[in-house]
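One structure below.
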Amino acid sequence: MTVDDPTSGGTGSESGEKHVVSVHTPDQVVLVVDFGAQYSQLIARRVREANVYSEIVPHTISAAEVAARKPAAIILSGGPKSVHVEGAPELDPGVFELGVPILGICYGSQLIAQQLGGTVARGGSGEYGRTVMHLGEPQPSAQDDSLLYGLPSNQPVWMSHFDAITEPPPGFVATASSEGAPVAALENPERRIWGVQFHPEVHHTPHGQDVIVRFLHDLAGCSADWTMANFVDDAVADIRAQVGEGRAICGLSGGVDSAVAAALVHKAIGAQLTCVFVDTGLMRKNEGDQVVETFKRHQGIELIHVRAGDRFFERLAGLTDPEEKRKGIGELFIRVFEDAKGGITDARYLVQGTLYPDVIESGTAHAAVIKSHHNVGGLPDDLDFELVEPLRTLFKDEVRAVGHELGLPDEIVWRQPFPGPGLGVRIIGEVTPDKVALLQEADAVVREELHAAGMDREIWQAFAVLADIRTVGVQGDERTYGYPIIVRAVTSEDAMTADWARIPYEVLEAISSRIINEVPGVNRVAYDITSKPPGTIEWE
Ligand code: XMP
């Protein structure tokens with residue numbers, strides 16, 4: 001079914017529904033207690049890379065709450081504070097008495113020392129960055145329940161601490177040291193508590209993942225059953241239990257999150273799912289067709305394809321302020337979506353591709369709105385539906401793995417992040433159909449050339465921006481007065497910070513000459529060499 005730019009339609013559902021969320025939580029969980037570390041999410045991801053499910057919990061969690069979760073193990077994260085300052089976060093001492101295996105990392109290891117009777121000295125100069133750590137004598141044997149068993153006696157580790165443990169608590173032994181950390185690792189295998197001053201979760205610690213695996217599998221006895229194949233089976237069962245015989249709808253954006261959520265729910269409930277794809281006219285070249293091709297033809301999912309480009313261009317006419325453009329696109333998107341889903345009067349369930357990092361971050365007050373994000377997948381939850389959010393426990397890399405598992409094509413599974421307002425925020429100034437067509441061509445060249453150079457997976461995002469100025473050039477002895485295209489390509493881990501990608505000159509040259517030759521109206525190409533901060537990834 002294809003709906004062309006609908007302008008009417010009811011909401012078709014009763015208000016006041018309770019929101020229910022479909023989340024699969026495996027029986028075996030490792031709790032990562034967050035003491036405010038920048039690396040807590042990374043720790044949780046590393047645990048999952050060891051095929052063990054993990055969740056992040058606040059440090060205010062009580063021993064009773066921990067016990068109720070029956071965790072297989074607990075990891076105490078690092079944190080920005082000194083254990084000596086007033087109000088420094090502590091752990092409910094009862095947690096140490098539960099008999100659950102505990103690994104403290106950085107601040108977490110200092111808390112073990114401090115709370116169990118050891119000594120943490122106020123910092124001298126601290127220790128930051130790469131350091132060599134030496135294992136103590138005698139080195140651990142296979143029989144010891146030592147965390148560091150099997151590691152080289154001297155090895156590089158990543159440190160980031162000001163205070164240092166100088167005396168382990170009674171019953172603990174120090175098993176390693178470095179120049180700035182007399183106790184770089186401590187342990188009490190009888191009490192099943194281990195601690196490391198260094199950061200095993202970062203890539204700069206080459207044996208870091210070995211330490212995490214040793215703790216989880218050998219010492220805590222966790223089984224390695226968190227796999228995406230198991231996840232799919234369990235999630236399918238959960239979705240069926242939640243939705244029963246009901247009807248569900250899903251807003252597709254073409255992005256990986258909503259795509260995987262839709263494919264997963266379709267596997268669970270088949271024809272009870274209808275997807276709505278609002279083509280804003282602001283997508284990349286051929287992207288709309290590819291979404292329809294993938295979901296309707298290959299996956300056999302019922303899809304309402306709304307071609308709403310004209311309405312978006314009408315709404316954007318005369319707008320030049322980035323925030324006004326973003327708000328206009330976001331509001332119209334919701335209206336168009338509501339109109340489309342009005343045709344499905346009996347749908348009670350709304351599928352969303354919410355991920356675990358969104359869940360962790362929601363609830364934390366945002367300091368300042370840099371840009372008001374409009375998320376195609378993130379429709380407001382007052383849309384009178386029960387929510388089905390099967391990816392709520394997953395990190396992005398896990399979502400991609402589920403996408404593979406479900407047979408989605410690489411172009412979707414590996415699609416770069418794309419802003420909800422689409423090319424609307426990559427055209428500086430007023431957005432018109434002509435400018436979108438021009439930018440789509442230039443953008444396709446950027447992506448094609450990076451793909452040909454084998455660079456697309458190492459680059460977080462790469463795209464073209466159309467500036468709102470024109471410059472003088474000369475082509476074939478003729479003076480030209482055309483638009484410049486700015487090429488933007490960044491590397492990043494999470495989009496919070498980014499660096500401009502060091503693309504080889506030859507690749508930049510190929511991009512430049514192809515854009516000039518193939519995209520009429522463009523006579524100049526510039527490369528943006530700004531990191532984030534101070535720039536943002538998008539230009540608006
Ligand atoms: P900035 O430009 O703030 O972007 O550095 C950070 C990341 O967010 C993406 N982005 C958006 N994603 N809705 C989205 O879903 C939006 O409105 C939006 N604006 C920016 C951007 O592409 C980058 O990955």
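It should be emphasised that the depicted structure is a prediction, and the values quoted were computed from it without experimental measurement. The figures here come from the full heavy-atom set of this structure, side chains too, leaving out hydrogens, waters and symmetry mates. Just follow the structure's listing: the first ligand is 1, and inside any ligand the first atom is 1.
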Pairing residues for R335 by the side-chain hydrogen bond (donor to acceptor under 3.5 Å, both in side chains) criterion, not counting sequence neighbours: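 side-chain hydrogen bond (donor to acceptor under 3.5 Å, both in side chains) list for R335, sorted by chain: empty.
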Does any N or O of ligand 1 fall below 3.5 Å from an N or O anywhere on R326, backbone included?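 For ligand 1, there is an N or O atom that lies under 3.5 Å from one belonging to R326.
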What do you reckon, does P421 have a nitrogen or oxygen under 3.5 Å from a nitrogen or oxygen of ligand 1?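 N/O-N/O distance below 3.5 Å does not exist for this pair.
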Looking only at non-hydrogen atoms, the one of G424, P419, G330, S253 nearest atom 12 (N) of ligand 1 is P419
For atom 24 (O) of ligand 1, state which one of E540, K532, Q461 supplies the nearest heavy atom.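 Shortest heavy-atom distance from atom 24 (O) of ligand 1: Q461.
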Can you sort out which atoms of ligand 1 are near T536, meaning under 4.0 Å from one of its heavy atoms?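 Those qualifying, in numeric order: 1 (P), 2 (O), 5 (O).
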Should you measure from each heavy atom of E538, which atoms of ligand 1 turn up under 4.0 Å away? 2 (O), 20 (C), 21 (C), 22 (O)
Within reach of ligand 1, part of P417 (heavy-atom separation under 4.0 Å):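 Looking at P417 and ligand 1, just side chain atoms fall under 4.0 Å.
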Out of curiosity, L439 CG to L423 CG, how far, rounded to the nearest 0.5 Å?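 Here the rounded value is 5.0 Å.
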Nearest 0.5 Å, please: how far is CG in L466 from CZ in R426?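 It comes to 12.5 Å.
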Closest approach of A498 to S531 (non-hydrogen atoms, all atoms of both residues):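 Looks like O-CB, 3.3 Å.
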Looking at F35, is its backbone amide N or carbonyl O close enough to the side chain of S77 to form a donor-acceptor pair, meaning the two atoms are under 3.5 Å apart?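 Yes; at least one donor-acceptor contact below 3.5 Å.
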Summary of side-chain hydrogen bond (donor to acceptor under 3.5 Å, both in side chains) pairs that have at least one residue in residues 427-437, sequence neighbours excluded: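 Every candidate side-chain hydrogen bond (donor to acceptor under 3.5 Å, both in side chains) pair involving residues 427-437 fails, so no pair, neighbours aside, qualifies.
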